[in-house]
Chemist: 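Structure below; questions to follow.
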Amino acid sequence: MVPFGLPLTFEQMKRLQAYLELLLRWNTRINLTSVRDAGQCVIRHFGESLYLGRFVELKGRLLDIGSGAGFPGLALKITFPKLKVTLLEPVGKKRAFLKEVARACEMDLVEVRSERLEEFVKRQNEDEQRQRFDAATSRAVGGLAGLILAVAECLRRGAGLYLWPSQGQHEELRRASKGRIAWKTPIPLPLAQHREIWCGLRQASEEDPA
């Protein structure tokens with residue numbers, strides 16, 4: 001996928017095309033994204049989401065926070081089909097869209113949940129059988145202080161946290177981490193002067209099981 005240099009297979013391209021067609025059709029009825037042009041959707045949503053896969057191999061269980069129209073979590077499922085993906089989306093119409101994409105694109109191991117992150121974390125903490133996630137993603141990067149500390153509770157030690165902030169959020173992001181996330185050098189996004197992908201690793205804490 002130009003200009004992102006993504007080596008997609010024929011089957012992956014078919015699923016992305018089906019996803020894009022659904023997005024454009026549903027977006028005429030409900031507000032999934034402010035980007036209406038098909039070409040811009042490919043660049044801003046699919047390209048910027050899937051670009052992470054050039055640098056990181058995702059495995060195991062992925063938590064996607066504030067999924068909206070499915071970016072990046074559901075898009076990444078296409079390039080990492082064995083991922084077990086949990087999508088958090090509180091808006092009912094958007095959840096219906098996510099489920100329809102998963103059905104139409106024949107994705108298994110996809111769970112769409114209605115909780116906001118704080119409520120999801122609370123339920124996870126009450127579950128003695130819970131499993132921590134191997135990675136988490138979010139392009140909806142408002143309220144960074146609450147987001148980072150909450151999601152850290154859902155991640156195993158050494159798990160990856162991947163965010164798509166604007167450059168104006170960088171200092172806030174560093175302050176919000178409070179030692180729970182160790183950040184690597186951000187990944188610049190092609191064609192995006194003010195957005196990057198931030199990749200971090202969840203650090204050990206006193207609350208971690210022995």
Chemist: Kindly say whether Phe4 contributes a backbone atom to a donor-acceptor pair with the side chain of Arg54 at under 3.5 angstrom?
Modeler: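 It does hold such a pair.
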
Chemist: If I compare all heavy atoms of Ser177 with all of Leu149, which pair ends up nearest, and what's the gap?
Modeler: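 Heavy atoms of Ser177 and Leu149 come nearest at O-CD2, 4.2 Å.
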
Chemist: Does any N or O in the side chain of Glu172 come within less than 3.5 Å of the main-chain N or O of Gln169, such that one atom is a donor and the other an acceptor?
Modeler: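 Flag not set: sc Glu172 to bb Gln169 has no pair under 3.5 Å.
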
Chemist: Is any side-chain heavy atom of Tyr19 less than 4.5 Å from a side-chain heavy atom of His45?
Modeler: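 No - every pair of side-chain heavy atoms lies 4.5 Å or more apart.
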
Chemist: Tyr51 and Pro188: which non-hydrogen atoms are nearest, and at how many Å?
Modeler: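 Nearest pair, atom of Tyr51 first, then Pro188: CE2-O, 3.4 Å.
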
Chemist: Would you confirm whether Arg44, through its side chain, and Val35, through its main-chain N or O, come within 3.5 Å as a donor-acceptor pair?
Modeler: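 Between the backbone of Val35 and the side chain of Arg44 there is no qualifying donor-acceptor contact (under 3.5 Å).
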
Chemist: Any side-chain heavy-atom pair from Trp164 and Leu189 closer than 4.5 angstrom?
Modeler: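 The answer is yes, as the side chains (C-beta and beyond) meet within the 4.5 Å cut-off.
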
Chemist: Table please: side-chain donor-acceptor pairs of residues 73-80 below 3.5 Å, with sequence neighbours left out.
Modeler:
residue : atom : partner : partner atom : Å
Lys77   : NZ   : Pro81   : O            : 2.6
Lys77   : NZ   : Leu83   : O            : 2.6
Lys77   : NZ   : Asp108  : O            : 2.8
Thr79   : OG1  : Leu76   : O            : 3.1

Chemist: Would you find a donor on one side and an acceptor on the other, under 3.5 Å apart, between the side chain of Glu21 and the backbone of Ala18?
Modeler: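 Judged by distance alone, no pair lies under 3.5 Å.
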
Chemist: Under the rule for side chain to side chain contact (heavy atoms under 4.5 Å, CB included), what residues qualify as partners of Val91, not counting sequence neighbours?
Modeler: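 Checked Val91 against side chain to side chain contact (heavy atoms under 4.5 Å, CB included); matches are Glu89, Lys94.
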
Chemist: In sequence, state the C-alpha distance, the side-chain angles, and the governing distance for Phe46 and Leu6, and then conclude on side chain to side chain contact (heavy atoms under 4.5 Å, CB included).
Modeler: CA-CA 11 Å; Phe46 292 98; Leu6 301 173; over 6 Å; no

Chemist: Less than 4.0 Å between a side-chain N and a carboxylate O, is that true for Glu118 and Arg116?
Modeler: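 No.
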
Chemist: What is the minimum heavy-atom distance between Gly60 and Asp134, and which atoms define it?
Modeler: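 The pair with the smallest heavy-atom distance is CA-OD2, 3.3 Å.
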
Chemist: Less than 4.0 Å between a side-chain N and a carboxylate O, is that true for Arg123 and Glu126?
Modeler: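 No.
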
Chemist: Taking Arg180 for its side chain and Arg202 for its backbone only, find out whether a donor-acceptor pair lies under 3.5 Å.
Modeler: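 Flag not set: sc Arg180 to bb Arg202 has no pair under 3.5 Å.
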
Chemist: How would you list, by chain and number, every residue that makes a side chain to side chain contact (heavy atoms under 4.5 Å, CB included) with Ala69, sequence neighbours excluded?
Modeler: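 Applying side chain to side chain contact (heavy atoms under 4.5 Å, CB included) to Ala69 gives Leu23, Leu32, Phe71, Phe97.
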
Chemist: Salt bridge (charged side-chain N to carboxylate O under 4.0 Å, His left out) with Asp37: which residues, sequence neighbours excluded?
Modeler: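 With sequence neighbours excluded, Asp37 shows a salt bridge (charged side-chain N to carboxylate O under 4.0 Å, His left out) to no residue whatsoever.
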
Chemist: Val101 and Val110: side chain to side chain contact (heavy atoms under 4.5 Å, CB included), yes or no, with the steps?
Modeler: CA-CA 10 Å; Val101 172; Val110 174; over 6 Å; no

Chemist: For the residue pair Trp198 and His170, does the interplanar ring angle fall in the parallel (under 30°), tilted (30 to 60°) or perpendicular (over 60°) class?
Modeler: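 Tilted: the ring planes of Trp198 and His170 meet at 30° to 60°.
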
Chemist: For Gly200 and Ile181, which heavy atoms make the closest approach, and how far apart are they?
Modeler: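 Result for this residue pair: CA-CG2, 3.7 Å.
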
Chemist: Going by salt bridge (charged side-chain N to carboxylate O under 4.0 Å, His left out), name the residues that satisfy it together with Arg103, two or more places apart in sequence or in a different chain.
Modeler: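 Scan of Arg103 (salt bridge (charged side-chain N to carboxylate O under 4.0 Å, His left out), adjacent residues dropped) gives Glu100.
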
Chemist: Looking at Lys84 and Glu111, is there a salt bridge between them, counting it only when a charged N and a carboxylate O are closer than 4.0 Å?
Modeler: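 So Glu111 does not pair with Lys84 through a salt bridge.
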
Chemist: Write out all pairs satisfying side-chain hydrogen bond (donor to acceptor under 3.5 Å, both in side chains) with one or both partners inside residues 144-154, taking only residues at least two apart or from two chains.
Modeler: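 Matches after skipping sequence neighbours: Asn125-Glu153.
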
Chemist: Working to the nearest 0.5 angstrom, can you tell me the gap between Gln12 CD and Cys105 SG?
Modeler: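 Reported to 0.5 Å precision, the distance equals 12.0 Å.
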
Chemist: Taking C-beta and beyond as the side chain, do Trp183 and Leu161 meet within less than 4.5 Å on heavy atoms?
Modeler: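 They are in contact (side-chain heavy atoms under 4.5 Å apart), so the answer is yes.
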
